[in-house]
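Notes follow once the structure below has been shown.
What you are looking at is a predicted structure, and each value in this text was computed from that prediction instead of being measured.
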Amino acid sequence: VQLQASGGGLVQAGRSLRLSCAASGSIVGIAPMGWYRQAPGKQRELVARINISGDTTYADSVKGRFTISRDNAKNTVYLQMNSLKSEDTAVYYCFLAVSQTYWGQGTLVTVSS
């Protein structure tokens, strides 16, 4: 299984970005997917997750600003990030959880204040 993340970049505070993560390879069925992030000097933290049923989970710090969605036909998960803050600056990693957890390569999001 390979995960290809894209969409990161440099953006001003208050603006928006959308991250995408496409999964390819030997995937059987639909699997939970989501995003973690890791800021400099901090531990990796869960940002958002979407389960097979479509149920979603968000970190408290992003609730109301970020929205996770998926296109099952494309095995792709998206993270719409609105009202970005400087504290959202981090490397964002997508994941897919089947018999083990697979990770994307990470995409850098930098929010300037």
Side-chain angles (χ1 to χ4, degrees):
V1 176
Q2 298 82 39
L3 300 176
Q4 181 66 47
S6 61
L10 173 64
V11 65
Q12 289 184 325
R15 305 297 291 268
S16 300
L17 277 178
R18 189 176 84 152
L19 305 182
S20 300
C21 178
S24 61
S26 301
I27 303 169
V28 179
I30 301 170
M33 297 182 73
W35 298 87
Y36 274 74
R37 69 185 180 186
Q38 187 165 21
K42 295 187 176 181
Q43 290 188 329
R44 190 176 293 194
E45 64 172 349
L46 177 67
V47 177
R49 172 190 173 104
I50 184 164
N51 289 333
I52 296 172
S53 62
D55 291 341
T56 56
T57 301
Y58 294 96
D60 288 342
S61 59
V62 306
K63 284 181 181 177
R65 300 188 297 121
F66 290 11
T67 302
I68 189 169
S69 61
R70 64 189 299 162
D71 183 333
N72 293 329
K74 297 181 179 179
N75 282 325
T76 299
V77 65
Y78 305 97
L79 186 68
Q80 178 66 42
M81 306 185 294
N82 298 329
S83 302
L84 283 161
K85 304 176 181 180
S86 57
E87 50 262 45
D88 295 318
T89 295
V91 178
Y92 285 70
Y93 299 91
C94 61
F95 70 90
L96 180 150
V98 284
S99 55
Q100 67 182 76
T101 300
Y102 295 90
W103 296 94
Q105 82 280 16
T107 184
L108 177 62
V109 173
T110 304
V111 183
S112 63
S113 57

Between [X] (side chain) and [Y] (backbone), is there a donor-acceptor pair under 3.5 Å?
X      : Y      : value
Ser61  : Ala59  : no
Thr110 : Leu10  : no
Gln12  : Ser113 : no

query = Run the side-chain contact (heavy atoms from CB on, under 4.5 Å) check on Val91 and Arg37 step by step: do they pass?
reply = CA-CA 5 Å; Val91 178; Arg37 69 185 180 186; over 6 Å; no
Taking the six-membered ring of Tyr93 as reference, does the cationic atom of Arg44 (NZ for Lys, CZ for Arg) lie under 6.0 Å from its centre and within 45° of its axis?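 Geometry flag: set, cation within 6.0 Å and 45°.
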Cationic tip of Arg18 above Tyr78 ring, under 6.0 Å, 45° of axis =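 The answer is yes, since Arg18 meets both limits relative to Tyr78.
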Original post:
Side-chain contact, heavy-atom cut-off 4.5 Å: Trp35 with Cys21?
Top reply: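 Yes. Closest side-chain heavy atoms under 4.5 Å.
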Check the pair Leu79, Thr67 against side-chain contact (heavy atoms from CB on, under 4.5 Å), reporting the backbone distance first and the verdict last.
CA-CA 6 Å; Leu79 186 68; Thr67 302; over 6 Å; no
Side chains of Asn82 and Ser16, donor plus acceptor under 3.5 Å: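 Note: Asn82 and Ser16 side chains meet the donor-acceptor criterion.
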| field | Donor-acceptor side-chain pairing of Ser53 and Asp55 below 3.5 angstrom | value |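 There is such a pair (donor and acceptor under 3.5 Å, judged by atom type) between the side chains of Ser53 and Asp55.
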Next on the checklist: Tyr58 and side-chain contact (heavy atoms from CB on, under 4.5 Å): which single residue from Ile68, Leu46, Val47, Ile50 fits?
Outcome noted: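 Passing option: Ile68.
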Is there a chain of hydrophobic side chains (I, L, V, M, F, W, Y, each step under 4.5 Å between heavy atoms) that links Val111 to Tyr36?
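They do not share one cluster, since no chain of ILVMFWY contacts under 4.5 Å joins Val111 to Tyr36.
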**OP:** Verify side-chain contact (heavy atoms from CB on, under 4.5 Å) between Thr107 and Leu19, making sure each step is shown before the conclusion.
**Re:** CA-CA 8 Å; Thr107 184; Leu19 305 182; 4.0 Å; yes
- Query: How many angstroms lie between atom OG1 of Thr56 and atom CG of Asn51, to the nearest 0.5 angstrom?
  - Reply: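 One finds 8.5 Å between OG1 of Thr56 and CG of Asn51.
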Item checked: Spatial distance of atom OG1 (Thr101) from atom CG (Leu96) [nearest 0.5 Å] ->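 If I round to the nearest 0.5 Å, the distance is 8.5 Å.
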Handout entry: Set of side-chain contact (heavy atoms from CB on, under 4.5 Å) partners for Arg65, sequence neighbours left out
Key =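 Once residues adjacent in sequence are excluded, the partners of Arg65 under the side-chain contact (heavy atoms from CB on, under 4.5 Å) criterion are Val62, Ser83, Lys85, Asp88.
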Taking all heavy atoms of [X] and all of [Y], pick out the closest pair and write down the distance.
X      : Y     : value
Val109 : Gly8  : CG2-CA, 4.1 Å
Gln105 : Ala5  : NE2-O, 2.9 Å
Pro32  : Ile52 : CD-CG1, 3.9 Å
Asp60  : Lys63 : OD1-NZ, 3.1 Å
Met33  : Ala23 : CE-CB, 4.2 Å

Do the ring planes of Phe66 and Tyr92 sit parallel (below 30°), tilted (30 to 60°) or perpendicular (above 60°)?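 Judged by the thresholds at 30° and 60°, the geometry between Phe66 and Tyr92 is tilted.
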Between Tyr102 and Phe95 (judged by ring centroids, cut-off 6.0 Å), do the two rings come close enough to count as a pair?
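Here the rings of Phe95 and Tyr102 have centres that are no less than 6.0 Å from each other.
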